[in-house]
Amino acid sequence: MGILSRASYVIRSKVNSLLNRAENPSESLDYSYEQLRDELQDVKQGIADLTTQKKRLEIQKRRLEENVEKHNDQAREAVEQGRDDLARRALEKKKQKMNQIEDLETQIADLQGQQDRLIEQKNELQSQVEQFRTKKETMKARYQAAEASSRVSEAMTGAGDQFEDVGRAIERAQEQTEEMEARSAAMDELRDTGAIEDAIGDQDQLDRELEEVRTSGAVDAELETLKSEVGDESGDEDAEADTEADTADVDLGDVEDAAVEEELETLKDEEN
């Protein structure tokens, strides 16, 4: 195969592929059905034309038959008048008309045969057209159902792809989040252990520990101060309580002595 032949073959293949993709089966079936209907209409028109021609021949035949009767009457009348010459001429015309009638009958018979064949063909073609119409509607319904199913399948496939992309995006986001969390935890751990210096405070682990010691010492000193203050306040309160108790004891003794003296005086009065 030459280069030009191969190129021509490739081009035809590409064109056929494009036409197949662009072709709509429903439209193709409707177009084919219309073509068959046009052919059926042409057959019907041909039958009508042929029948018209046959009718014309039949009319012409009837006229010739009328002329035959006329010439026959003319020949009889000429014989009655003793005019054999006129009778011969009338019989000759009668013979000519009869020959024409025979030719017309042959033509009419041929046209009748053609008409019968066309009618059979028309009936067969009409039956085929009806069958094709039924198949066409069935194929169109199947094609539309398949097309709808294909669209649904494509939509589901596209949705599946989108869900798969979304799933991958979620996985990537989760992985990145976990990586950032791990990195943040690692930085905190390194900062706590002093493996890296605090970029803001410019302190290493030793500085932080010393700061903690100083802070702890200050807190302990303040705690001791608070304890001392609280202890002094407690001692003063105890001394005051002892003093008040002693005073209460003295006062109670005086009260008791007065009561005894009063009771003694009462007894003395009763004896007297």
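Residue numbers run from 1 in the order of the sequence given.
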>> If the condition is side chain to side chain donor-acceptor pair (under 3.5 Å), which residues does K61 pass it with, not counting sequence neighbours?
In response: E105

>> Applying side chain to side chain donor-acceptor pair (under 3.5 Å), can you list everything that pairs with E224, at least two apart in sequence or on another chain?
In response: none

> What pairs of residues pass the side chain to side chain donor-acceptor pair (under 3.5 Å) test when at least one of them lies in residues 120-130, not counting sequence neighbours?
Replying inline: none

Side-chain polar contacts of residues 68-81 - donor-acceptor pairs under 3.5 angstrom, sequence neighbours left out - could you list them?
| unit_1 | atom_1 | unit_2 | atom_2 | d |
| --- | --- | --- | --- | --- |
| H71 | ND1 | Q74 | OE1 | 3.2 |
| N72 | OD1 | K94 | NZ | 3.3 |
| D73 | OD1 | R76 | NH1 | 3.4 |

> Out of curiosity, D42 CG to L125 CG, how far, rounded to the nearest 0.5 Å?
Replying inline: 9.5 Å

> Between atom NZ of K135 and atom OG1 of T138, what is the distance when rounded to the nearest 0.5 Å?
Replying inline: 9.5 Å

>> Restricting to side chain to side chain donor-acceptor pair (under 3.5 Å), what partner residues turn up for Y31, sequence neighbours left out?
In response: Q35

>> Checking E66 now: which residues fulfil side chain to side chain contact (heavy atoms under 4.5 Å, CB included) with it, not counting sequence neighbours?
In response: none

>> A side-chain contact here means heavy atoms from C-beta on lying under 4.5 Å apart; do L36 and E39 qualify?
In response: yes

Do any side-chain atoms of residues 43-60 form donor-acceptor pairs under 3.5 angstrom with protein atoms, and if so which ones, sequence neighbours left out?
| unit_1 | atom_1 | unit_2 | atom_2 | d |
| --- | --- | --- | --- | --- |
| Q45 | NE2 | D49 | OD1 | 3.1 |
| T51 | OG1 | I47 | O | 2.7 |
| T51 | OG1 | Q115 | NE2 | 3.2 |
| T52 | OG1 | A48 | O | 2.8 |
| K54 | NZ | Q112 | OE1 | 2.4 |
| K54 | NZ | Q115 | OE1 | 2.9 |

>> Considering only residues two or more places apart or on different chains, which pairs with a residue in residues 84-93 satisfy salt bridge (charged side-chain N to carboxylate O under 4.0 Å, His left out)?
In response: R83-D85

> Roughly how far, to the nearest 0.5 Å, is the CE atom of M98 from the CG atom of L64?
Replying inline: 11.0 Å

> Are I119 and I108 co-members of a hydrophobic cluster defined by side-chain heavy atoms under 4.5 Å apart?
Replying inline: yes

> Who passes side chain to side chain contact (heavy atoms under 4.5 Å, CB included) against R37, sequence neighbours left out?
Replying inline: Y33, E34, V129

